[in-house]
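Please read these numbers as outputs of a predicted model, since none were measured by experiment. Letters go in sequence order (proteins before strands), and every chain restarts at 1.
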Number of protein chains: 2
Amino acid sequence: MAQKETVERILDAAEALFAERGFAETSLRTITSTAGVNLAAVNYHFGSKKALIQAVFERFLEPLVTEIDQRLGVLEQDPENINVESLLKVLSSSIYDVHGRNTNRATAFMRLLGLAYTQSQAHVRNFIASRYGDAFQRYARLLKPALPGATDQELFWHTHFALGTAIFTMSNFDALRAMAMNDTGHRGSVDFIVSHLTSFMAAGLRNASHENA
Amino acid sequence: MAQKETVERILDAAEALFAERGFAETSLRTITSTAGVNLAAVNYHFGSKKALIQAVFERFLEPLVTEIDQRLGVLEQDPENINVESLLKVLSSSIYDVHGRNTNRATAFMRLLGLAYTQSQAHVRNFIASRYGDAFQRYARLLKPALPGATDQELFWHTHFALGTAIFTMSNFDALRAMAMNDTGHRGSVDFIVSHLTSFMAAGLRNASHENA
DNA sequence: AATCGTTTGAAACTTACGTTTGCAAGGCGC
DNA sequence: GCGCCTTGCAAACGTAAGTTTCAAACGATT
């Protein structure tokens with residue numbers, strides 16, 4: 001049982017439990033007993049609970065941002081192919097690529113992202129912003145010419161509208177699928193939902209700009 | 001200092017603090033000291049912290065749902081005027097009417113709604129669902145003919161996409177406005193944002209259905 | 001095989017939480 | 001004026017949290 005095993009076991013357990021219950025509602029004792037490690041291991045390996053939370057985000061965001069960055073680089077070499085849809089597809093494809101078809105992992109990630117926004121946890125937001133702010137900026141730079149006629153202000157808000165749509169949907173993915181089953185009789189396949197989600201965001205981004213131009 | 005004063009002071013403080021920090025992150029001691037009342041007052045008047053959380057929601061939702069219901073009744077008498085925009089306007093107008101132009105109160109409400117979804121707090125979701133589920137059903141019934149060509153499944157998902165857009169935006173309203181100030185130099189007026197938000201949702205609702213028909 | 005830094009383990013520590021208790025103060029009918 | 005119910009207050013209780021401690025076990029290096 002080497003160091004790496006313990007650290008990863010803690011991260012695995014923390015990731016799942018945080019996503020399921022939130023940060024404050026998940027105790028270190030629950031994490032460590034789920035992971036099958038000693039309580040003191042968290043403070044030994046990470047220093048504090050806050051640092052553990054950030055480590056969970058880092059393990060998630062690091063490969064994802066790398067993947068997005070790479071895909072944006074590819075897209076930039078075909079400037080005529082840059083549009084709202086292709087830019088959105090960069091995001092969904094990157095998530096697919098990083099997590100495979102492991103929906104649990106992907107929805108856990110989205111729930112964590114939602115928690116980072118919704119729960120106060122300022123240190124999480126600051127950590128994410130300082131670590132991955134550049135990637136967001138690059139994305140915004142590419143999105144701008146894809147939405148001609150939109151002012152900077154509109155661009156900002158519409159982007160965050162779309163971001164909110166995605167984060168809210170994915171972070172409540174399981175609950176929503178359960179509700180869908182009740183209301184419509186179909187859970188909806190992941191592909192169905194992602195494709196409609198993308199259409200929704202694209203339509204919102206494009207048409208809201210034009211209508212208010 | 002009669003009963004009502006104490007109860008309302010507690011609700012006021014709890015509402016603001018919950019919205020700002022979340023439920024688990026807000027202690028009864030913080031609430032009572034902010035409200036200027038004794039610690040035991042919460043358990044005396046409400047019974048428990050959970051009951052206090054529900055009371056906060058009830059005070060918010062009760063007048064809002066009444067207002068929405070009334071406006072839907074009016075709208076139903078002009079069936080040819082029922083469309084996506086008018087239905088969305090029922091919601092935004094109702095919020096305006098209930099909270100006036102008190103943005104603090106309205107954004108607090110949205111943050112609480114977002115928290116109810118995002119934080120696990122099952123008892124909050126159950127409370128809201130059992131208490132106000134009928135109103136949501138009525139709204140959905142009116143929305144369906146406004147989006148012809150959409151299947152039940154699509155209707156369900158697009159509605160929740162739009163819901164997510166609104167909840168995410170409003171529940172992070174202050175943070176987003178601060179970011180907007182940094183990025184664009186404008187905070188954005190409330191009317192500007194609400195109007196663009198509505199356009200975004202309407203465009204998403206309508207076009208996503210048509211594209212995937 | 002001994003040593004030294006690293007990691008684990010069980011337990012204790014400190015603090016903060018939600019809740020409960022016991023009593024004092026105030027208002028109201030009789 | 002006396003009892004009675006409601007409300008307010010200070011203090012304490014029990015629990016669970018994050019963190020710290022310190023000795024034991026481990027692993028690589030010599």
Side-chain angles (χ1 to χ4, degrees), chain A residues 1-59 112 115-116 119-124 126-127, chain B residues 1-59 112 115-116 119-124 126-127:
Chain A
M1 201 171 301
Q3 164 191 351
K4 199 178 168 213
E5 271 194 37
T6 300
V7 169
E8 294 228 331
R9 290 239 296 272
I10 292 174
L11 286 173
D12 287 341
E15 178 181 298
L17 289 168
F18 284 152
E20 189 185 322
R21 321 181 180 184
F23 304 118
E25 295 84 351
T26 306
S27 70
L28 292 185
R29 284 171 173 81
T30 307
I31 293 172
T32 51
S33 72
T34 301
V37 304
N38 189 270
L39 169 62
V42 168
N43 281 281
Y44 175 74
H45 286 289
F46 298 94
S48 69
K49 187 181 181 181
K50 283 188 178 184
L52 170 62
I53 294 175
Q54 297 183 357
V56 168
F57 273 95
E58 183 147 40
R59 191 175 63 151
L112 290 174
L115 287 178
Q119 307 218 175
S120 66
Q121 300 285 1
H123 72 100
V124 177
N126 294 341
F127 171 77
Chain B
M1 202 171 299
Q3 162 193 351
K4 198 176 169 216
E5 272 193 37
T6 299
V7 168
E8 294 228 331
R9 290 239 296 272
I10 292 174
L11 285 173
D12 288 341
E15 178 181 298
L17 289 167
F18 284 152
E20 188 185 322
R21 320 182 181 183
F23 304 118
E25 294 84 352
T26 306
S27 70
L28 293 185
R29 282 172 173 81
T30 308
I31 293 172
T32 51
S33 73
T34 301
V37 303
N38 188 269
L39 170 61
V42 168
N43 282 279
Y44 175 75
H45 285 290
F46 298 94
S48 68
K49 186 181 182 180
K50 282 188 180 184
L52 170 62
I53 295 174
Q54 297 183 356
V56 168
F57 273 96
E58 183 147 40
R59 190 174 66 150
L112 289 174
L115 288 178
Q119 308 219 171
S120 64
Q121 298 286 2
H123 72 99
V124 178
N126 294 340
F127 171 78

Protein-nucleotide distance ([X], atom [atom1]; [N], atom [atom2]), rounded to Å:
X	N	atom1	atom2	answer
A/Ile31	D/dT19	CD1	C1'	14 Å
A/Leu28	D/dT15	CG	P	21 Å
A/Phe46	D/dT20	CZ	P	16 Å
B/His45	C/dG18	NE2	P	17 Å
B/Ile53	C/dC17	CD1	C1'	14 Å
A/Glu25	D/dA16	CD	P	16 Å
A/Asn43	D/dC22	CG	P	16 Å
B/Asn38	C/dC23	CG	P	17 Å

State, with a plain yes or no, whether a side-chain heavy atom of [X] is found less than 4.5 Å away from one of [Y].
X	Y	value
B/Ile53	B/Phe127	no
A/Leu52	A/Leu11	yes
A/Leu112	A/Val124	no

> side chain to side chain contact (heavy atoms under 4.5 Å, CB included) between A/Asn126 and A/Gln54: does it pass, once the steps are laid out?
Replying inline: CA-CA 10 Å; A/Asn126 294 341; A/Gln54 297 183 357; over 6 Å; no
> Can you tell me how far NE2 of A/His45 sits from CD1 of A/Ile10, rounded to the nearest 0.5 angstrom?
Replying inline: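 If I round to the nearest 0.5 Å, the distance is 5.5 Å.
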> In terms of ring plane angle, is the pair A/Phe18 and A/Phe23 parallel, tilted or perpendicular, where the classes change at 30° and 60°?
Replying inline: perpendicular
> Hey, is the side chain of B/Thr6 poking within less than 4.0 Å of OP1 or OP2 on D/dG8, counting only N and O atoms?
Replying inline: yes
> Which pairs, with at least one residue in residues 29-41 of chain B and sequence neighbours excluded, count as a side-chain hydrogen bond (donor to acceptor under 3.5 Å, both in side chains)?
Replying inline: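 Only B/Ser27-B/Thr30 qualify under side-chain hydrogen bond (donor to acceptor under 3.5 Å, both in side chains).
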>> Judged by each residue's nearest nucleotide on DNA chain D, which is more toward the 5′ side, A/Ser27 or A/Gly47?
In response: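 Nearest-nucleotide comparison on DNA chain D picks A/Ser27.
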> Taking five pairs at each end, how big is the angle between the two axes of the helix from C/dA1-D/dT30 to C/dC30-D/dG1, to 10°?
Replying inline: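 Taking the rotation axis at each end, their angle is 10°.
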> NA contact type, A/Thr26, heavy-atom cut-off 4.0 Å: base, sugar-phosphate, or nothing?
Replying inline: sugar-phosphate
>> What contact category does B/Ala41 fall into here, base, sugar-phosphate, or nothing, at under 4.0 angstrom with non-hydrogen atoms?
In response: nothing
> Which sits closer to the 5' end of DNA chain C, B/Tyr44 or A/Leu39, going by the nucleotide each is nearest to?
Replying inline: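 Residue closer to the 5' terminus by nearest nucleotide: A/Leu39.
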>> Side chain of B/Arg29, heavy atoms from C-beta onward: which of C/dA10, D/dA12, C/dT20 has the nearest atom to it?
In response: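 When the side chain of B/Arg29 is considered, D/dA12 is the closest of C/dA10, D/dA12, C/dT20.
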